[in-house]
There are 2 protein chains.
Amino acid sequence: MKVSTKVEYGMLALTDIALYSDNGSSVSAPDIAERQNISQKYLEQILTHLKQAGLIRAQKGLRGGYALTRPADAIRLSEILNALDTGILEPMNGTGKDGEHSLRDAVNTCLWAKINRAMLEFAESKTLSEFMQECREQMAGDWDLYII
Amino acid sequence: MKVSTKVEYGMLALTDIALYSDNGSSVSAPDIAERQNISQKYLEQILTHLKQAGLIRAQKGLRGGYALTRPADAIRLSEILNALDTGILEPMNGTGKDGEHSLRDAVNTCLWAKINRAMLEFAESKTLSEFMQECREQMAGDWDLYII
DNA sequence: TAATTACCTACTATGTCAATAGGCAATTTG
DNA sequence: CAAATTGCCTATTGACATAGTAGGTAATTA
């Protein structure tokens, strides 16, 4: 199971914004794209999703960009994953059409419901700032190499 | 994030085998395919994977088929997911090439490692038979509808 | 006014997934 | 032995989502 770049870039962008925003100032898409070495145009599309989900607000024009709507310690990872359409795992053919009681439906419902719950319980328990802090601790000295 | 039919069918096939095997007798691919209404040829490919992973053994010829190599209460869900190449989530570009210390790598490593751990802890804690039992309890009366 | 930025829409190439198909090898049963 | 059944191996294909590209418009600021 591969994680889409959409989710990867979305997480990365939020982290970048949290790191490089000064006092709620905006961080522009071109800046993020250059720092993280990802396609600017594609990033814009992803940021639009995050905006519509209410996680960031946008400011057009010169000196514009994006900023978090809430402080990083008030954003849960589960919100981010949900915003990027990745909150839950589900089988291809949505379970239980026509209410037919197939073994297939039973297995699907039971299994993925439980696995999703395990994932969500973790993602709901962690805030963006907590996650960044843990990241920082794990990377130890290397962290300073890419934080200006 | 969608779960592939490969995983879905694989789980389903193992459950089917566990249910319809009598005293370690074999269950044939054609039978499974018909009961669960999935493509026989495609199912064969998946069963081959499960065989190579050591979860089932195969018997060729008339009256042949597949059987669990261990009782269902000695098979953990994590083994099944791993056998179907779905044990872990990982970003598209495998993290950390060239040992460059990018923020991207840091976020990827830290995030997916934790989420995978949450999933695996669950999957390792459950055996196939426990899962089937919980499924049964949840479905209550409906269970008997498709168990001959 | 000019530059910068977000935003919107359409298009496209690539790759993976989910099969389909055909044939071969092994085994059992009559 | 013969025939049917079953697993196994490999190649091919159609559909679809992903990951990006591209171009233009609207808002904002210096």
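Each chain gets a letter, A, B and so on, in the order the sequences are listed, and its residues count up from 1.
Screening residues 37-50 of chain A for salt bridge (charged side-chain N to carboxylate O under 4.0 Å, His left out) gives no qualifying pairs among residues at least two apart or on separate chains.
Between B/Tyr66 and D/dT6 there is no side-chain N or O to OP1 or OP2 distance below 4.0 Å. Remark: B/Thr5 is in phosphate contact with C/dA18, judged by side-chain N or O atoms under 4.0 Å from OP1 or OP2. Applying the 4.0 Å criterion to OP1 and OP2 of C/dT28, one finds that B/Gln59 has a side-chain N or O inside that range. For A/Ser39, a side-chain nitrogen or oxygen approaches OP1 or OP2 of D/dT21 to under 4.0 Å.
We find that CD of B/Glu34 is positioned 15 Å from C1' of D/dT5, with the value rounded to whole Å. In this structure, A/His49 atom NE2 and C/dC7 atom C1' are separated by 13 Å, rounded to whole Å. Between the P atom of D/dT6 and the CD atom of B/Gln40 lies a distance of 9 Å, rounded to the nearest Å. Whole-Å rounding puts the A/Leu47 CG to C/dT5 C1' distance at 12 Å. Atom pair B/Glu8:CD and C/dA19:C1' shows a separation of 14 Å (rounding to whole Å applied). The distance from atom NZ of A/Lys51 to atom P of C/dA6 is 11 Å, rounded to the nearest whole Å. In this structure, CG of B/Leu43 is placed 13 Å from P of D/dT6, rounded to the nearest angstrom. Straight-line distance from the CG atom of B/Leu50 to the C1' atom of D/dG7: 14 Å, rounded to whole Å.
Cation-pi geometry between A/Arg57 and A/Tyr66 is not met: the NZ or CZ atom fails to fall both under 6.0 Å from the ring centre and inside 45° of the normal.
Contact annotation: the side chain of B/Gln40 never approaches that of B/Asp31 to less than 4.5 Å [non-hydrogen atoms, C-beta and beyond].
Between A/Glu121 and A/Lys126 there is no salt bridge, since no side-chain N of the basic residue sits under 4.0 Å from a carboxylate O of the acidic one.
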Between protein and nucleotides 9-11 of chain D, what N or O pairs are separated by less than 3.5 Å?
none

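Checked by atom type and distance alone, the side chain of B/Asn82 pairs as donor or acceptor with a backbone atom of B/Ser78 at under 3.5 Å. Of the possible donor and acceptor atoms, one in the side chain of B/Ser25 sits under 3.5 Å from a partner among the backbone N and O of B/Asp22.
Residues passing the salt bridge (charged side-chain N to carboxylate O under 4.0 Å, His left out) test with B/Arg63: none are found, sequence neighbours excluded.
When the nucleotides C/dT4, D/dG20, C/dA19 are ranked by their closest atom to the side chain of A/Leu62, C/dT4 comes out on top. The side chain of A/Lys6 sits closest to D/dA19 out of D/dA19, D/dT6, C/dA6. Each of D/dA26, C/dA19, D/dG7 was ranked by its minimum atom distance to the side chain of A/Lys60; first place goes to D/dA26.
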